[in-house]
Novice: 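This is the structure, below, for whatever I ask next.
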Amino acid sequence: MTNPNPRLRFAPSPTGFLHVGNARAALFNWLEARRAGGEMLLRVEDTDRERSSSELVDNILTSLRWLGLDWDGDIVFQADHLDAHREAALHLLDTGRAYWCDCTSEAVQARAKARGGPPGYDGFCRDRGLPRSDDTALRFRAPDDGTTAFTDLIRGEVSFENKTIEDFVLLRSSGLPVFLLSNAIDDATMGITHVVRGEDHVPGTPKYLLLRDALKLGRPDVFAHLPMLVNEARQKLSKRRDAVSVADFEAQGYLPEAMVNYLALLGWGPKDGVEVRPLGEIVELFRLQDVTSSPAFFDVKKLQAFNADHLRALPAAEFVRRAHPFLTRGQAAVTTLEPLASLVQERVRLLTEVEPMIAFLLDDPVVIDDESWQKAMVKGKAAPEMLAAVTHRLDTLDGWSADAIRAAVEGAAVEAGLVNAEGAAQLSKAQGPVRVATTGRIVGPPLFEALEALGRERTLTRLREAAARL
RNA sequence: GCCCCCAUCGUCUAGUGGCCUAGGACACCACCCUCUCAAGGUGGCGGCACGGGUUCGAAUCCCGUUGGGGGUGCCA
């Protein structure tokens with residue numbers, strides 16, 4: 001049952017960017033391979049010369065590396081093996097399992113419409129004995145009776161009646177092999193034991209099996225068809241319709257560890273219920289047979305929550321390092337961020353949110369948010385009194401530490417009359433005007449640490465400018 | 001149309017005949033904590049698609065219905 005040396009593969013076609021659906025398929029292959037101590041191979045299915053491009057190959061490889069999904073051995077490019085695929089197809093012709101057909105797809109459709117039956121090829125050229133020409137494609141002669149079945153690790157027994165399988169194309173009239181043929185042969189050549197791919201491949205599996213049988217290539221040990229990843233309309237994710245490129249998520253400030261963690265939970269869950277955890281633990285817990293069979297919605301909200309958790313789990317120095325590529329103001333931003341790193345870290349969900357949070361330390365004069373100004377200065381109580389009192393106290397403050405600043409603000413609050421029933425300073429009200437004057441916004445990192453970082457001169461300048469504006 | 005697959009809170013899932021008055025997570029709401037915002041804590045909202053069986057007993061097994069999805073290319 002269990003193969004001692006499982007070989008799995010991720011086989012993307014470079015006709016689009018790597019999107020989260022592909023990434024999930026790659027991840028599950030990788031998880032099973034690594035858990036079982038097997039091999040993870042990578043094959044680029046570039047047989048569609050028109051739509052494939054080396055830029056897209058680069059994008060796929062870059063995204064896989066970013067996610068931390070490595071592979072064993074050299075990358076196999078399917079286009080390098082086209083001759084062998086063609087040869088195999090021709091062998092099928094010799095053994096009577098294939099034949100040349102000159103029907104155009106228009107003609108096939110017209111006949112289907114005319115007979116009122118199901119669309120698809122009707123075997124028109126089966127016994128015409130056509131020779132190969134520039135207009136003929138090679139079709140596989142599918143069996144007329146019997147069934148083709150396989151066991152799917154996730155879905156159980158799946159079977160198809162052979163009479164529902166049409167005579168599909170093996171070689172285009174250009175001589176190029178089609179996906180089904182290349183895919184089936186390459187899997188055999190590469191010794192793939194576990195075929196783990198999307199559920200959209202289920203209907204093609206009997207053809208795959210029929211081909212492998214006809215070619216006497218044996219069958220893989222295991223099939224596992226992963227549930228689809230769907231959009232809000234519950235349709236299969238598509239690159240064109242849905243914004244789900246892995247590279248885009250990277251650019252938006254997601255951590256690869258959050259992405260793979262979240263992706264692993266789409267169709268699978270650890271027995272202990274602990275969702276947020278390092279990949280290494282997931283590798284140990286993952287079992288292909290535990291994967292769910294129903295489709296899953298890719299929920300960006302939950303991904304964000306995971307990202308925030310993984311961000312907080314980082315050591316502060318590492319957090320700064322990860323934020324680096326997202327700091328557009330260069331070294332100034334880095335040195336500004338460093339002392340406040342842990343305070344910022346706890347408050348962002350995406351790395352792109354880091355710089356805006358420390359922008360008040362980078363901009364002079366500070367940019368004041370209108371809504372915040374209205375709230376704290378116009379509607380807030382005793383804003384002028386508070387600003388005057390705090391300006392004086394901070395101007396004459398001994399030392400410049402968060403604790404000392406806090407004491408000064410508390411003293412100013414009492415002076416401005418912002419006190420509770422016991423006469424103690426009401427910081428929740430008092431900090432508003434100070435915060436807006438110095439950081440420009442009503443929300444942000446803890447005020448006293450922020451002012452300590454801002455320094456006495458800039459703090460006083462901003463307080464005076466705000467008072468003048470009032 | 002035909003073939004195939006799927007069906008537990010809004011979403012992702014736990015659940016493999018009794019432990020389920022269905023558990024967790026995200027989201028949402030309330031409260032607590034608190035210098036704002038976060039984080040954290042507590043509580044709340046909310047689900048086994050429907051109908052038949054089988055069984056002492058069904059979210060769990062079987063059949064059907066409905067709904068959704070995938071495939072049906074000389075794309076992959």
Side-chain angles (χ1 to χ4, degrees), chain A residues 11-16 45-48 50-52 78 101 103-105 108-109 112 116-121 135-139 152 155 158-161 163-166 168-176 178-180 182-183 198-206 225 227-228 230 232-236 262 265-276 292-299 301-306 308-309 312 343-349 357 372 376 406 409-410 413 425-432 434-436 439 441-450:
Chain A
S13 90
T15 54
E45 306 214 316
D46 50 355
T47 54
D48 183 343
E50 255 94 89
R51 296 196 301 152
S52 299
Q78 198 158 61
C101 165
C103 298
T104 61
S105 54
V108 171
Q109 283 171 31
Y121 186 66
D135 297 319
T136 53
L138 189 70
R139 285 184 184 273
D152 189 290
R155 271 147 238 286
V158 182
S159 82
F160 293 80
E161 291 197 44
K163 68 180 178 204
T164 66
I165 299 169
E166 62 176 350
F168 55 95
V169 169
L170 260 18
L171 297 178
R172 298 174 242 242
S173 48
S174 66
L176 276 177
V178 299
F179 156 77
L180 221 33
S182 296
N183 182 263
E199 189 193 342
D200 47 346
H201 289 286
V202 170
T205 303
H225 287 96
M228 297 272 80
V230 300
E232 42 283 275
R234 302 214 68 87
Q235 294 163 317
K236 165 183 171 182
Y262 177 64
L265 262 37
L266 257 21
W268 176 84
K271 295 286 180 224
D272 62 10
V274 178
E275 295 191 330
V276 176
T292 320
S293 47
S294 47
F297 171 65
F298 184 85
D299 185 2
K301 281 262 186 67
K302 187 152 180 172
L303 206 214
Q304 277 185 7
F306 273 48
D309 280 341
R312 273 181 231 110
L343 295 177
V344 172
Q345 184 176 7
E346 201 174 279
R347 290 168 169 76
V348 294
R349 290 172 310 168
M357 197 156 287
S372 296
R406 179 189 180 109
V409 173
E410 281 174 339
Q426 254 190 318
L427 272 185
S428 59
K429 288 187 177 149
Q431 57 97 34
V434 183
R435 181 183 292 280
V436 172
T439 72
R441 300 196 52 210
I442 196 80
V443 299
L447 183 61
F448 313 122
E449 284 81 357

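Reckoned from all heavy atoms, side chains included, excluding hydrogens, waters and symmetry mates. Residue numbers begin at 1 in each chain, while the letters A, B, ... track the order of the sequences.
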Novice: Restricting to nitrogen or oxygen on both sides, can you table the protein-nucleotides 6-13 of chain B pairs closer than 3.5 Å?
Specialist:
{"from": "B:rC12", "atom 1": "OP1", "to": "A:Arg234", "atom 2": "NH1", "distance (Å)": "3.3"}
{"from": "B:rC12", "atom 1": "OP1", "to": "A:Arg234", "atom 2": "NH2", "distance (Å)": "2.9"}
{"from": "B:rC12", "atom 1": "OP1", "to": "A:Phe297", "atom 2": "N", "distance (Å)": "3.0"}
{"from": "B:rC12", "atom 1": "O2'", "to": "A:Leu265", "atom 2": "O", "distance (Å)": "2.9"}
{"from": "B:rU13", "atom 1": "OP1", "to": "A:Gly267", "atom 2": "N", "distance (Å)": "2.6"}

Novice: In whole angstrom, give me the gap between the P atoms of B:rU54 and B:rG47.
Specialist: 29 Å

Novice: Kindly write out the residues that satisfy side chain to side chain contact (heavy atoms under 4.5 Å, CB included) with A:Glu410, not counting sequence neighbours, or none if the list is empty.
Specialist: A:Arg406, A:Ala425, A:Leu427

Novice: Expressed as a whole number of Å, how far does the P atom of B:rC31 sit from that of B:rC37?
Specialist: 13 Å

Novice: With sequence neighbours left out, what residues match A:Glu161 under salt bridge (Lys or Arg N to Asp or Glu O under 4.0 Å)?
Specialist: A:Lys163

Novice: Both distances below 3.5 Å, Watson-Crick or wobble geometry, any strand: find the nucleotide opposite B:rC2.
Specialist: B:rG71

Novice: Do any side-chain nitrogens or oxygens of A:Arg51 fall under 4.0 Å of OP1 or OP2 in B:rA76?
Specialist: no

Novice: Examine B:rU72: is either OP1 or OP2 under 4.0 Å from a nitrogen or oxygen in the side chain of A:Thr164? Give yes or no.
Specialist: no

Novice: Tell me every residue that passes salt bridge (Lys or Arg N to Asp or Glu O under 4.0 Å) with A:Glu449, counting only those two or more places apart in sequence or in another chain.
Specialist: none

Novice: Could you let me know what B:rC61 is paired to, Watson-Crick or G-U wobble, both distances under 3.5 Å, or none if it's on its own?
Specialist: B:rG53

Novice: I'd like to compare against my own output: the B/S/- annotation of nucleotides 35-40 of chain B with a strict under-4.0 Å heavy-atom distance to protein.
Specialist: BBBBS-

Novice: A:Asp309: what forms a salt bridge (Lys or Arg N to Asp or Glu O under 4.0 Å) with it, not counting sequence neighbours?
Specialist: A:Arg312

Novice: How would you list, by chain and number, every residue that makes a side chain to side chain contact (heavy atoms under 4.5 Å, CB included) with A:Asp299, sequence neighbours excluded?
Specialist: A:Tyr262, A:Phe297, A:Lys301, A:Lys302

Novice: Which pairs, protein N/O on one side and nucleotides 58-65 of chain B N/O on the other, fall under 3.5 Å?
Specialist:
none

Novice: Residues two or more places apart in sequence or in another chain: which of them pass side chain to side chain contact (heavy atoms under 4.5 Å, CB included) with A:Ala137?
Specialist: A:Val169

Novice: For residues A:Ser294 and A:Thr292, is any side-chain donor paired with an opposing acceptor at under 3.5 Å?
Specialist: no

Novice: Which residues satisfy the side-chain hydrogen bond (donor to acceptor under 3.5 Å, both in side chains) test with A:Arg234, sequence neighbours excluded?
Specialist: none

Novice: Distance criterion of 3.5 Å, no angle test: do you see the side chain of A:Ser174 paired donor-to-acceptor with the base of B:rC74?
Specialist: no

Novice: Mind checking what makes side chain to side chain contact (heavy atoms under 4.5 Å, CB included) contact with A:Thr104, not counting sequence neighbours?
Specialist: A:Glu106, A:Ala107

Novice: Report the base-pairing partner of B:rU66 (Watson-Crick or G-U wobble, both distances below 3.5 angstrom), or none.
Specialist: B:rA7

Novice: Please enumerate all residues that pass salt bridge (Lys or Arg N to Asp or Glu O under 4.0 Å) together with A:Lys236, with sequence neighbours excluded.
Specialist: A:Asp200

